[in-house]
Amino acid sequence: MTRHWVHGLTFIALLLLFSFVSLSCGNLTKSSANAAFRRANPTFTLIHSDTGEGWDGVINYHFSYRKPDDTTIYKEVWTLERRENRLWEVTGRWTPKE
């Protein structure tokens, strides 16, 4: 398997996961965001996470992590939106500009 194909499958799995599974009812907690990140990326080591900018019902969550056998620290931001059923769903993932 090529890395691009594996990353593509990971992204699709993540979107499906959050389409059907709730992160949290009501407010999004750090532990639920971290758990979601770990479920989507089980081989990564989560270094740090924190909320960033956001507004009512939308939050950008910042993650720093390492990939297996790699000392580089990667960063990724997830945009999460609270839906009408009050469940959180990932609607975007992107790498912040340094």
Side-chain angles (χ1 to χ4, degrees):
M1 263 189 244
T2 67
R3 283 187 170 183
H4 296 288
W5 193 70
V6 171
H7 290 288
L9 283 179
T10 300
F11 183 70
I12 291 169
L14 175 72
L15 290 178
L16 289 174
L17 174 70
F18 289 111
S19 294
F20 300 106
V21 178
S22 159
L23 288 176
S24 171
C25 292
N27 294 325
L28 178 65
T29 65
K30 184 173 187 166
S31 63
S32 8
N34 289 349
F37 182 87
R38 287 184 176 113
R39 277 192 306 271
N41 304 291
T43 62
F44 294 177
T45 301
L46 186 58
I47 305 296
H48 178 76
S49 69
D50 207 354
T51 57
E53 55 286 336
W55 50 95
D56 189 36
V58 178
I59 191 165
N60 287 326
Y61 222 92
H62 297 250
F63 298 98
S64 298
Y65 60 93
R66 284 196 184 105
K67 296 178 182 179
D69 302 322
D70 189 351
T71 58
T72 305
I73 296 178
Y74 296 89
K75 295 184 180 189
E76 189 167 278
V77 179
W78 289 11
T79 300
L80 297 109
E81 294 184 41
R82 186 172 40 211
R83 299 301 185 189
E84 289 180 19
N85 60 5
R86 300 191 48 79
L87 302 179
W88 290 91
E89 181 179 340
V90 175
T91 57
R93 285 175 52 172
W94 45 279
T95 303
K97 294 181 181 179
E98 295 292 322

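Heavy atoms only: backbone and side chains are in, while hydrogens, waters and symmetry mates are out. Numbering of residues begins at 1 and proceeds along the displayed sequence.
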Do R82 and D56 touch side chain to side chain, with heavy atoms closer than 4.5 Å?
yes

Identify, with sequence neighbours excluded, every residue that meets side chain to side chain contact (heavy atoms under 4.5 Å, CB included) alongside R38.
N34, L46

Under the side chain to side chain contact (heavy atoms under 4.5 Å, CB included) test, which residues partner P42, sequence neighbours left out?
none

Residue pair [X] / [Y]: nearest heavy atoms and the distance that separates them:
{"X": "L80", "Y": "W88", "value": "O-CZ3, 3.7 Å"}
{"X": "N41", "Y": "R93", "value": "OD1-NH2, 4.4 Å"}
{"X": "Y65", "Y": "F37", "value": "CD2-CZ, 3.5 Å"}

Sequence-distant partners of N60, side-chain hydrogen bond (donor to acceptor under 3.5 Å, both in side chains), two or more places apart:
E53, T79

Not counting sequence neighbours, which residues clear side-chain hydrogen bond (donor to acceptor under 3.5 Å, both in side chains) with S31? List them please.
T29

Point-to-point distance, once rounded to the nearest 0.5 Å, from OG1 of T45 to CZ of R66
7.5 Å

Going from OH on Y61 to OG on S32, what distance comes out if it is rounded to the nearest 0.5 angstrom?
8.0 Å

Spell out, yes or no, whether V90 and W94 are grouped together once hydrophobic residues are joined by side-chain heavy atoms under 4.5 Å, including indirect joins.
no

Tell me every residue that passes salt bridge (charged side-chain N to carboxylate O under 4.0 Å, His left out) with D70, counting only those two or more places apart in sequence or in another chain.
none

Under the salt bridge (charged side-chain N to carboxylate O under 4.0 Å, His left out) rule, collect the residues that match up with R83, sequence neighbours excluded.
E81, E89

Kindly give the cluster partners of I47, where membership spreads through any ILVMFWY side chain lying under 4.5 Å from a current member.
none

Apart from W55 itself, what residues make up its hydrophobic cluster when side-chain heavy atoms of I, L, V, M, F, W and Y under 4.5 Å apart count as a link, directly or indirectly?
V58

Given the side-chain rings of F44 and F63, with only the six-membered ring counted for Trp, is the space between their centroids under 6.0 Å?
no

Taking K75 for the side chain and P96 for the main chain, is one N or O donor matched with an acceptor at less than 3.5 Å?
no

